[in-house]
Protein chains: 2
Amino acid sequence: MNAMNTAVNVNETAQERKAPGRPRSAQADEAILDAVLEMLSSGQSVAAISIEAVAAKAGVGKATIYRRWPNKEALIIDAVAAMKGALPVPVGESVRDDLIMLVKANRSGKAKRYGKATVCLLPEFLKDEELHHMYQAVIEPRRDVMRGVLRRGIENGELRSDLDVELSLLMIQGPGMMQHMLNWNPSIREDGFAEALIDAFLRGAYSS
Amino acid sequence: MNAMNTAVNVNETAQERKAPGRPRSAQADEAILDAVLEMLSSGQSVAAISIEAVAAKAGVGKATIYRRWPNKEALIIDAVAAMKGALPVPVGESVRDDLIMLVKANRSGKAKRYGKATVCLLPEFLKDEELHHMYQAVIEPRRDVMRGVLRRGIENGELRSDLDVELSLLMIQGPGMMQHMLNWNPSIREDGFAEALIDAFLRGAYSS
């Protein structure tokens with residue numbers, strides 16, 4: 001492990017010289033964030049995730065982590081943000097297409113691979129209000145994107161004028177969370193899930 | 001705490017003499033199960049919940065717990081079963097009434113008070129498959145009750161013939177889990193939640 005640490009550190013120093021101001025090592029950053037997500041999604045508590053354990057798993061030195069993140073909480077929230085990926089941008093043509101895209105975005109890439117990380121953070125939020133607030137700051141903008149799609153549909157008459165936006169959010173996000181993260185209904189195939197869910201939701205939400 | 005332990009133990013001995021075969025002390029049992037639920041729903045991990053800590057919190061002796069439960073896992077699953085309460089029995093007249101009753105059953109009494117206990121068990125299930133199986137054995141019969149209501153509605157023509165029962169289960173149970181347990185949408189009032197959810201679901205599920 002020490003050999004690898006040294007290699008990464010040398011590499012970082014080279015990068016710093018070449019391009020000051022850029023991330024020290026995008027590869028090391030990703031290895032660190034993936035290590036955190038791997039630990040979280042296997043059920044390890046925040047208390048069990050030490051900077052030392054993350055460094056060992058990612059194959060970097062502890063100093064590499066401390067240079068980039070002020071504390072463990074900030075590192076964990078950054079890992080969740082990396083898992084969620086970039087904020088999705090709806091096309092704005094059909095509510096159905098946009099909602100399917102948003103549901104799929106929650107179920108692909110790192111969100112699919114490390115989906116249980118969020119589940120494993122829930123007990124931590126009960127014990128650490130600050131961590132919960134940091135997490136909300138990551139997910140609230142994503143929920144706002146879905147609110148925007150629904151409000152646009154209400155305004156242009158595609159959706160019922162009396163549609164409850166907050167309840168609709170729960171109806172669209174709750175099933176995926178329950179099924180994908182908890183594996184409670186493995187009988188439902190991943191293929192076509194987003195389309196089936198949104199079509200069932202929209203049958204009751206369309207204005208006509 | 002010792003004085004209380006002695007009092008409960010004396011009480012139990014008296015009960016045993018009066019009514020052999022009955023639970024040693026229903027009151028002590030409830031105090032023990034409530035102590036477990038209180039600890040779970042405040043975010044304590046299964047590892048942190050020792051029989052000793054439960055006994056101290058419930059005001060009973062450790063022997064009282066060991067007489068009734070073979071191990072911590074059995075105690076935790078019994079606590080979850082106590083929180084869920086008796087299996088609800090649908091009236092069988094209208095799908096709407098039965099579904100509202102089932103959603104309300106998940107959000108009242110101990111399920112309301114200790115609702116976060118389930119959330120806090122989710123990371124444990126990733127680490128302990130046996131505990132997960134024990135939990136599934138508690139909740140699967142409850143999910144079967146809802147499946148039965150939906151299937152009856154499909155058979156008697158009240159619901160669409162092509163309704164996806166498993167997806168419907170997620171659409172009915174996911175929102176409540178997300179909202180009630182995680183407090184993600186406190187703007188949705190508890191009052192009228194079950195009715196609003198079931199009406200939104202049924203708008204897309206009725207056959208007409």
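Just the heavy atoms: all of them, side chains too, but no hydrogens, waters or symmetry mates, feed the values below. Each chain gets a letter, A, B and so on, in the order its sequence line appears, and its residues count up from 1.
For K127(A), the NZ atom sits in a packed shell: over 12 heavy atoms of surrounding residues, nucleotides or ligands are nearer than 6.0 Å. When the shell of 6.0 Å around CD of E30(A) is examined, it contains 12 or fewer heavy atoms from other residues, nucleotides or ligands. At most 12 non-hydrogen atoms from other residues, nucleotides or ligands lie less than 6.0 angstrom from NZ of K104(A). Within 6.0 Å of CG on D191(A) lie no more than 12 heavy atoms contributed by other residues, nucleotides or ligands.
Separating the CD atom in Q44(A) from the CG atom in L126(B) is a distance of 11.0 Å, to the nearest 0.5 Å. Taken to the nearest 0.5 Å, the CD1 atom of I172(A) stands 8.5 Å off from the CE atom of M171(B). Here L122(B) contributes atom CG and T118(A) contributes atom OG1; the two are 11.5 Å apart, rounded to the nearest 0.5 Å. Distance CG/D164(A) to CG/D199(B): 12.0 Å, rounded to 0.5 Å.
Looking at every heavy atom in both residues, L167(A) comes nearest to A200(B) through CD2-CB, 4.3 Å. Between C120(A) and P123(B) the shortest heavy-atom distance is CA-CG, 3.7 Å.
V119(A) is not listed as a side-chain neighbour of F125(B), based on a closest heavy-atom distance of 4.5 Å or more.
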